[in-house]
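Below, read A as the first sequence line, B as the second, and so on, with proteins coming before strands; counting in each chain starts at 1. These figures come from a predicted structure and were not determined experimentally.
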Amino acid sequence: MNKVISLMGPTASGKTDLAILLAQEFNLEIISVDSVMFYKEFNIGSAKPKEEILAKFPHRMINILEPFEEYSVAKFYENLLLHIKEVHNKKKIPLLVGGSMMYFKTYFSGGLSDLKIVQNDIKKLIDDMLSKNNLEFLYDYLKKIDIEFAKKIHFNDKYRIVRGLEIYFSNKKKPSEIINYNLKEKKFFKNLNLSVIPNSRDNLHKNIEIRLDNMLAEGLLDEVNKLNFKYVGKKLPAMSTIGYKQANEFLQGKMNVKTMRSNILAATRQLAKRQITWLRHIDATIVYELLVYDNILIRVDKFVRKKI
RNA sequence: GGCUUGGUAGCUCAGUUGGUAGAGCAGUGGACUGAAAAUCCUCGUGUCGGCAGUUCAAUUCUGCCCCGAGCCA
């Protein structure tokens, strides 16, 4: 008994409702794969299921972090394996649901390369390098120490340039030498991978709009205010995510409600687009263009019954 | 009704001393190994409001008309 079902899809595609239905129908245990729902108190803006739903259908990996905690794909992968194991020990099948595609990718790839955690002094060192020079300098530096790695990233991609240097300084080795890009999909589990890629982008965009208006009606701005008040002076990683970021800009008087709303909508659409790009290119998934519940139920039923 | 001003890409606007035009945003496709709802890359033909006139040539000049904004009546 080592089956795992994954249900992936872009934001606002209706994954959560389907997951609950599947969990109910097949006695599955839901494990959330959502980088914002990890956080306590980030409820409305992350479209986290309501308390009552969570009480009835427990989701693992939701509300596992305090709002000020830092997290990473590596920690996620560790936690995920523990949860999968726990579910299997209960003779049940876990249902991974979410839209954080890099997290899914990491699961499908069987984890990450074995790299050291970057210490603060190294972060500061690179930060100083950057502020004393410019990004071009960092990129040239990276090219000198590891041309192979540098070639893979764009000279404007600050995030990855910095990360490359972090890996180099932390591990004292070339990133291209210690990152194993060919981690074979480790067949720890028997997977059923389901992707939902909406066939109509227009409909998805409409759903995004409806959902945002619900969030605003439910008190998104209030939620942001409360978080700001309660954790004043602390850095909240999820505060820079879609919805929260723009709500803060509005609350700081940088824009009016109308602009905030259209900025959130645009950012959400762009997120959905990126998620769909992942979904198109992740192998070994069965793709549904619509949430045709019947087809999916039949598929899952077959998988659950199958003797492996 | 008169005067002023504007009508250019889905939106906001730039521009063409007359040779049919380009930015930002939006949208699209893509990349993705410890912040990933992050970070980054690619892609720009549209009767330049309509009709007529001048001209070798008009989106650009002229006239009339239509639509919007402001002011005066």
Between the protein and nucleotides 41-43 of chain B, list the N/O to N/O atom pairs that are separated by less than 3.5 angstrom.
residue	atom	partner	partner atom	Å
B:C41	OP1	A:Asn156	ND2	2.7

inquiry  = Hydrogens and angles aside, do A:Thr11 and A:Arg211 bring a side-chain donor and acceptor to less than 3.5 Å of each other?
reply    = yes
note = Whichever of A:Glu166 and A:Lys105 has the more 5' nearest nucleotide on RNA chain B, that residue is A:Lys105
inquiry  = Can you give me the dot-bracket string for RNA chain B, 5' to 3', counting Watson-Crick and G-U wobble pairs with both distances under 3.5 Å, using [ ] for crossing pairs and | for partners on another strand?
reply    = (((((((..((((.....[..)))).(.(((.......))).).....(((((..]....)))))))))))).
inquiry  = Quick check for you: among B:G34, B:A36, B:G30, whose closest atom lies nearest to any side-chain atom of A:Ser72?
reply    = B:G34
query = Any side-chain donor paired with an acceptor under 3.5 Å for A:Tyr107 and A:Asn191?
reply = yes
Indicate every side-chain donor-acceptor pair of residues 37-44 of chain A with a distance under 3.5 Å to a residue at least two apart or in another chain.
residue	atom	partner	partner atom	Å
A:Tyr39	OH	A:Glu69	O	2.7
A:Lys40	NZ	A:Glu66	OE2	2.6
A:Glu41	OE1	A:Lys230	NZ	3.3
A:Glu41	OE2	A:Lys230	NZ	3.2
A:Glu41	OE2	A:Tyr231	OH	2.5
A:Asn43	OD1	A:Lys48	NZ	2.8

ask   = Below 4.0 angstrom from OP1 or OP2 of B:G34, is there any side-chain N or O of A:Tyr77?
value = no
query = Can you tell if the side chain of A:Met8 reaches within under 4.5 Å of the side chain of A:Leu194, non-hydrogen atoms only?
reply = no
ask   = Distance between the C1' atoms of B:G7 and B:G49, in whole angstroms?
value = 6 Å
Between side-chain atoms of residues 153-169 of chain A and protein atoms elsewhere (two or more places apart, or another chain), which donor-acceptor pairs fall under 3.5 Å?
residue	atom	partner	partner atom	Å
A:His154	ND1	A:Asn156	N	3.0
A:Asp157	OD2	A:Arg160	NH1	2.8

key: Whether A:Trp278 stacks on the six-membered ring of B:C32 base, 5.5 Å and 30° limits   = yes
ask   = Do any side-chain nitrogens or oxygens of A:Arg201 fall under 4.0 Å of OP1 or OP2 in B:G29?
value = yes
ask   = Contacts to RNA chain B from residues 125-147 of chain A, heavy-atom cutoff under 4.0 Å, which residues?
value = none
message = With a 3.5 Å cut-off and heavy atoms only, can you find an N or O donor on one side and an acceptor on the other between the side chain of A:Arg163 and the base of B:A38?
response = no
request  = Enumerate the residues from residues 232-243 of chain A whose closest heavy atom to RNA chain B is under 4.0 Å, giving them by residue number; use none for an empty result.
outcome  = A:Thr241, A:Ile242
task = State whether a side-chain donor-acceptor pair under 3.5 Å links A:Ser176 with A:Asp146.
result = yes
